[in-house]
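Here is the structure we will look at, set down as structure tokens.
In what follows, residues are counted from 1 in the order of the sequence shown. The analysis underlying the following values was restricted to heavy atoms, covering all of them including side chains, and did not include hydrogens, waters or symmetry mates. Fair warning: this is a prediction, and the values are worked out from it, not measured in the lab. All ligand and atom numbering here is 1-based and tracks the order in the structure.
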Amino acid sequence: MKVYICEICGDAYIGSEKPANCPFCGARSNFIKDGAEARPIVNESIEISEESRKNLMETLDLEIDANAIYLCMAGKAKEYRITAMYKRLAKVEMEHATIVTKLLGLDAPEAKESACPDSDIENFKKTIELEDHATNLYREFVKKSAEKNIKVFFTALAQVEEEHGELIKGII
Ligand SMILES: [Fe+2]
Ligand SMILES: [Fe+2]
């Protein structure tokens with residue numbers, strides 16, 4: 001067994017091999033390093049510009065909303081597989097919100113409640129919409145970020161949200 005650390009969320013993964021994606025924030029394996037080599041972005045305090053601060057606050061709201069709606073969808077799903085998937089998506093989105101609060105030095109995020117459609121198919125469509133929106137927004141934020149760590153953060157997040165969209169497109 002070895003200790004691997006995700007440079008996006010800073011969480012440790014203990015296992016015999018590096019996972020393809022961080023189980024906590026979903027970042028791809030290129031962001032996961034051997035424990036001794038990892039330099040997580042959440043551990044480095046950097047100056048954050050007004051522009052990046054604004055983009056991170058928008059990200060925080062979006063991720064907290066995503067957590068809430070996915071928990072609602074988990075509760076509406078007819079199949080356990082879908083319930084479990086939405087619970088995991090909700091946790092990943094809350095992890096994204098948590099990373100933002102660490103980058104900005106804020107208190108941990110508070111979960112909200114949300115309504116959602118009753119049918120799985122409506123929820124899948126809504127999920128694809130939300131994930132496509134997040135992917136495009138974070139790609140824009142990559143371009144607008146002057147700070148290397150913030151650029152890295154939005155690059156990783158854009159990939160995660162894109163993969164979430166692909167996951168749902170593969171189900172419907
Ligand atoms: Fe991670
Ligand atoms: Fe997210």
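Of the candidates Lys148, Arg39, Lys33, Glu7 forms a salt bridge (Lys or Arg N to Asp or Glu O under 4.0 Å) with just one, namely Lys33.
Note: angle at the Fe ion (ligand 1), from SG of Cys25 to SG of Cys6, is 100° (rounded to 10 degrees).
Between Tyr138 and His96, the closest side-chain pair of non-hydrogen atoms is not below 4.5 Å.
Taking the Fe ion (ligand 2) as reference, the nearest N/O/S atom within His96 carries the name ND1. Between the Fe ion (ligand 2) and the N, O or S atoms of Glu161, the shortest distance is to OE2. The N, O or S atom of Glu93 lying closest to the Fe ion (ligand 2) is OE1. The closest approach of Glu63 to the Fe ion (ligand 2), by N/O/S atoms, is made by OE1.
Salt bridge status for Lys169 with Glu166: absent, with no side-chain N to carboxylate O gap under 4.0 Å.
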Apply disulfide bond (SG atoms under 2.5 Å apart) to Cys9 and Cys25, showing your working.
CA-CA 6 Å; Cys9 67; Cys25 74; 3.9 Å; no

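Annotation for Glu113: atom CD does not count as buried by contact number, only 12 or fewer foreign heavy atoms lying within 6.0 Å.
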